[in-house]
J.: 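This is the structure I want to talk about, given as structure tokens.
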Amino acid sequence: MDIKQYVTDKLKNILISLGVEEPSVILERPKDPTHGDISCNAAMMYGKKLGRNPKEFAETIISSLGSDDKYIKSANIAGPGFINLLISDEYYRESLAEILTNKESFGSSATNAGKTANLEWVSANPTGPLHTGHGRQTALGKAIANLLEWTGYKVTREYYYNNAGKQMDNLARSVYARYRQIFESEYPLPEDCYAGEYIGEIAAVLEKEHGDALIDSDDKVFREAGENWCFGAIKQTLERLGIAHDVFYNESSLYESGKIKETLEEFKKRGLSYEKDGAVWLKTSELLKNKKDAADKVIVKATGEPTYRLPDMAYHIDKVQRGYDLIIDIFGADHGDTYKEVLAGMEGLGYDTSKIKVIIHQMVTFVQDGKPVKMSKRSDNVYYLDDLIDDVGADVAQFFFVMRSVNTHLDFDIALAKEESDKNPVFYLQYAHARISSILRNAKDVFPEYGENTVPDINLLKTPEELSLMKVLTVFPETVASAAVTYEPHKVITYLNEVAENYHRFYHNNRVIDAEAKELSYSRLKLCEAVKAVLKNGFDIIGITAPERM
RNA sequence: GCCCUCGUAGCUCAGAUGGAUAGAGCGUCGGUUUCCUAAACCGCAGGCCACAGGUUCGACUCCUGUCGAGGGUACCA
């Protein structure tokens, strides 16, 4: 049952009966437990409008509430006119029963049932393996996709890549040079080429399969070999992180389908583009909402090749046309400006961009021994995502990347992440899960008959730790809902911390398995099961495993 | 110059829709194990929420300005 909804409805009716037109009731969970379980500011909001003293108005509201409500234990006025409500233990006990019957699905909702969402992320071009710079986006997308599914969306996980541009030419030239070097060690590497060791590996594969027969071949062979190898590597890394995209959408197909040409012609037709210096320019200075920073941008170079903007627009138009209810893109802050141009261009063509939500995350600094780790692609001084996973494990990597709000710069402390100790915040959560699992295993020895069908007497749960733990558990669904609305998985982590904290405290003060007190043991075991279920569901959302032992 | 994000404890960061005495982890110091996992628990210390104005019953939160950090401002993506 949704207690907030229950209280909202109740208060709304009272306000209407007191003469408030179309009241909006805003409830909050007070930080300070002495302020009750749920708090409402309606008396302050509406008292003034009705010309009544807020405290006195609050009094009236409370008296209309009556004193025999099943779920509201008490109500009182505090401060300038807050109405603080205490929820009855009855509610918490019912909720516990609800968690136990819906274990795997507890926390999910049908808010967006029947709706479809497309989430596009990672989208690294196949010019090399994923590096740690891709890590944050990779982990975020995984968690956000999960969050969306938990609120009912059917999610398409999509990867867009560019296999047509300059970077792929560069890859082809780099592979060729390395290949050639196998036979002529003094063969020079071209300027700006990729320096990673993997280029040598690709060249070695070609040498093994074809000997020196490819020396006079054109770029195509090397480009394809490079693309295939890189994609293999990327997919393997994603698999280690438990990520599998449903759709791999490549830029070339936009040329083949004519969508790029179409988009370009539409701009011309509408007078939104013009030619200058041999290039085609988009009138972004007119299209962008913020006129201050607007200059026109090139969409087709003098060479005849489009810049990334044009295919990006064609691609997003295609996504809009596919009819999703929600379209999400995830980018790093280094791409922060371009999406505005893309959206402005689409709007210029009359497309509705209101369903597109762009998530920009700030950059990550990897810190080792208190110093930032420097990366440079040219010198092959690159920290690959695979190496990070080797160093800290997939769970820890996933957790650290998702741990912070996307709006803040992230410091990734490698030493801390590597540490398998109490300092590491991931283990604090996982340990709670492992601890419960252990207790449940032990319970079988003491109470062989205990199991799925055991009906506990929940009324026996009344220590402060037990009640506080039950209260925290009931908040899980609204936490998931709120995290999903803002696409912020880190909120789930903040919440899980609270669960783990409450559990550990409960554990220290309440003996779970006690052969002398069978009924109480049953109840506590059931409480443990509920906590385990909530932790497991939370871990599923943020994308880490729930260990049975540690 | 202009645009985006940020500035909260020694460090790393939470603080949804404005609310009551601003929180957590790490670090420091000190306690807890004959008992279900001590990767745990309990306690002490630590703050002009960058700064200055404004909006109102009320501002860490919203608005304006200043300072500082990161990112962008390509015929790269």
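Lettering of chains follows the sequences in order, A, B, ..., and the numbering in each one begins at 1. What you see is a predicted model, and the numbers here were worked out from it, not measured in a lab.
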J.: Can you say whether a donor on the side chain of A/Tyr431 sits under 3.5 Å from an acceptor on the base of B/rA39, or the other way round?
T.: no
J.: Measure distances between side-chain N and O atoms of A/Asp337 and base N and O atoms of B/rA74, and say whether any donor-acceptor pair falls under 3.5 Å.
T.: no
J.: Can you classify the ring geometry of A/Phe231 versus A/Tyr159 as parallel (below 30°), tilted (30 to 60°) or perpendicular (above 60°)?
T.: tilted
J.: B/rC41 and B/rG46: how far apart are their P atoms, nearest whole angstrom?
T.: 23 Å
J.: Side chains of A/Leu288 and A/Lys340: does their closest heavy-atom pair fall under 4.5 Å?
T.: yes
J.: Going by heavy atoms in the side chains, are A/Leu238 and A/His245 under 4.5 Å from each other?
T.: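 A/Leu238 vs A/His245: side chains touch.
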J.: The side chain of A/Ala279 lies closest to which of these nucleotides: B/rG70, B/rC75, B/rC41?
T.: B/rC75
J.: Using a 4.0 Å heavy-atom cut-off, does A/Asp514 contact any base of the nucleic acid, only the sugar-phosphate backbone, or nothing at all?
T.: nothing
J.: Measure the acute angle between the ring planes of A/Tyr249 and A/Tyr315, then classify it against the limits of 30° and 60° as parallel, tilted or perpendicular.
T.: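 Aromatic pair A/Tyr249/A/Tyr315 classed tilted.
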J.: Pick one for B/rU33: is it syn, with its angle within 90° of 0, or anti?
T.: syn
J.: B/rA14, OP1 or OP2 - any side-chain N/O from A/Thr494 closer than 4.0 Å?
T.: no
J.: Should B/rC36 form a Watson-Crick or G-U wobble pair with both distances under 3.5 Å, which nucleotide is its partner?
T.: none
J.: Given that A/Gly332 and A/Phe506 both sit by RNA chain B, which one's nearest nucleotide is further toward the 5' end?
T.: A/Phe506
J.: Suppose we define a pair by two distances each less than 3.5 Å, Watson-Crick or G-U wobble; what does B/rG58 pair with here?
T.: none
J.: Which nucleotide in the list B/rU37, B/rC76, B/rG15 gets nearest to the side chain of A/Gln167?
T.: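 So the side chain of A/Gln167 is nearest to B/rC76.
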J.: Quick check for you: among B/rA14, B/rC75, B/rG71, whose closest atom lies nearest to any side-chain atom of A/Trp281?
T.: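 My answer, after comparing the listed nucleotides, is B/rC75.
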J.: Let me know which of A/His335, A/His316, A/Lys357 forms a side-chain hydrogen bond (donor to acceptor under 3.5 Å, both in side chains) with A/Asp329.
T.: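 Among the candidates, only A/His316 passes.
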J.: Quick one: are A/Tyr450 and A/Ser521 in side-chain contact, heavy atoms under 4.5 Å?
T.: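 Side-chain contact under 4.5 Å: no.
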J.: Nearest to the side chain of A/Met363, which nucleotide is it out of B/rC42, B/rC36, B/rG71?
T.: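 Looking only at side-chain atoms, A/Met363 lies closest to B/rG71.
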J.: Within the structure shown, what part of the strands sits under 4.0 Å from A/Thr338 by heavy-atom distance: base, sugar-phosphate, or nothing?
T.: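 Base contact - A/Thr338 has a heavy atom under 4.0 Å of at least one base atom.
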J.: Would you classify A/His335 as touching base, sugar-phosphate or nothing, given that sugar-phosphate means primed atoms plus P, OP1 and OP2, and contacts are heavy atoms under 4.0 Å?
T.: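 Base: the residue A/His335, judged by heavy atoms under 4.0 Å, touches a nucleobase.
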J.: Strictly by Watson-Crick or wobble contacts shorter than 3.5 Å, is anything paired with B/rC26, and which nucleotide is it?
T.: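 In the structure as shown, B/rC26 has B/rG10 as its Watson-Crick or wobble partner.
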J.: Roughly, in whole Å, what's the span from OH in A/Tyr308 to P in B/rC76?
T.: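 So the OH-P distance, A/Tyr308 to B/rC76, works out to 9 Å.
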J.: With rounding to whole Å, what would you report as the distance between B/rU12 and B/rA69 at their P atoms?
T.: 15 Å
J.: Using a cut-off of 4.0 Å on non-hydrogen atoms, how would the nucleic acid contact of A/Asn407 be classed: base, sugar-phosphate, or nothing?
T.: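 Sugar-phosphate contact only - A/Asn407 comes under 4.0 Å of backbone atoms but never of a base.
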J.: Using the C1' atom on both, measure B/rG18 against B/rU37 and round to a whole Å.
T.: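 Roughly 44 Å separates the two C1' atoms.
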J.: Quick check for you: among B/rA39, B/rA14, B/rA77, whose closest atom lies nearest to any side-chain atom of A/Asn125?
T.: B/rA77
J.: Reckon A/Asn502 touches a base, only the sugar-phosphate, or nothing at all at heavy-atom distances under 4.0 Å?
T.: nothing
J.: Nearest whole angstrom, please: distance from the P of B/rG71 to the CG of A/Asp334.
T.: 10 Å
J.: Tell me what A/Arg511 touches on the nucleic acid: a base, only sugar-phosphate, or nothing, going by heavy atoms under 4.0 Å.
T.: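 Base contact - A/Arg511 has a heavy atom under 4.0 Å of at least one base atom.
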J.: I'd like to check, for A/His35, whether its ring lies over the base of B/rA20 with centroids under 5.5 Å apart and a plane angle smaller than 30°.
T.: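 So yes, this residue stacks on that base, both cut-offs being met.
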J.: With a non-hydrogen cut-off below 4.0 angstrom, is A/Asn510 in contact with a base, only sugar-phosphate, or nothing?
T.: base
J.: Where do N or O atoms of nucleotides 16-19 of chain B meet protein N or O atoms at under 3.5 Å, pair by pair?
T.:
| unit_1 | atom_1 | unit_2 | atom_2 | d |
| --- | --- | --- | --- | --- |
| B/rG19 | N7 | A/Asn41 | ND2 | 3.2 |

J.: May I ask you to decide if the ring planes of A/Phe366 and A/Phe401 are parallel, tilted or perpendicular, using 30° and 60° as cut-offs?
T.: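 A/Phe366 and A/Phe401: perpendicular rings.
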J.: Remember a base hit wins even if backbone is also touched, and classify A/Tyr507 as base, sugar-phosphate or nothing at under 4.0 Å, heavy atoms.
T.: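 The answer is base, as A/Tyr507 lies within the cut-off (heavy atoms under 4.0 Å) of a base atom.
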J.: Using purine N1 to pyrimidine N3 plus N6-O4 or O6-N4 for Watson-Crick, or N1-O2 and O6-N3 for G-U wobble, both under 3.5 Å, which nucleotide pairs with B/rA50?
T.: B/rU66
J.: Does A/Ser39 make a side-chain donor-acceptor contact with the base of B/rA20, cut-off 3.5 Å?
T.: yes
J.: Please report the distance separating the P of B/rC60 from the corresponding atom of B/rA22, rounded so that it comes out in whole Å.
T.: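 One P to the other, the span is 10 Å.
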J.: Does NZ or CZ of A/Arg435 come closer than 6.0 Å to the centre of the six-membered ring of A/Tyr503, within 45° of the ring's axis?
T.: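 No, a cation-pi geometry is absent between A/Arg435 and A/Tyr503.
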J.: How far, in whole Å, is B/rA45 from B/rG53 if one measures between their P atoms?
T.: 32 Å
J.: When the P atoms of B/rA40 and B/rG19 are considered, how many whole Å apart are they?
T.: 32 Å
J.: Strictly by Watson-Crick or wobble contacts shorter than 3.5 Å, is anything paired with B/rC41, and which nucleotide is it?
T.: B/rG31
J.: Using atom P in both nucleotides, what's the gap between B/rC11 and B/rG65 to the nearest angstrom?
T.: 29 Å
J.: Could you check how far CG of A/Asn442 sits from P of B/rC35, rounded to whole Å?
T.: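 Taking CG of A/Asn442 and P of B/rC35, I get 13 Å after rounding.
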J.: What is the separation between atom CD on A/Glu341 and atom P on B/rG72, rounded to the nearest whole Å?
T.: 14 Å
J.: Classify the ring geometry of A/Phe412 against A/Phe400: parallel below 30°, tilted from 30° to 60°, perpendicular beyond 60°.
T.: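 Because their plane-to-plane angle lies in the 30° to 60° range, the rings of A/Phe412 and A/Phe400 count as tilted.
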J.: Looking only at side-chain N and O atoms, does A/Arg435 come under 4.0 Å of OP1 or OP2 in B/rA38?
T.: yes
J.: Would you please indicate yes or no on a ring centroid separation below 6.0 angstrom for A/His361 and A/Phe331?
T.: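 Distance test on ring centres: not under 6.0 Å, no.
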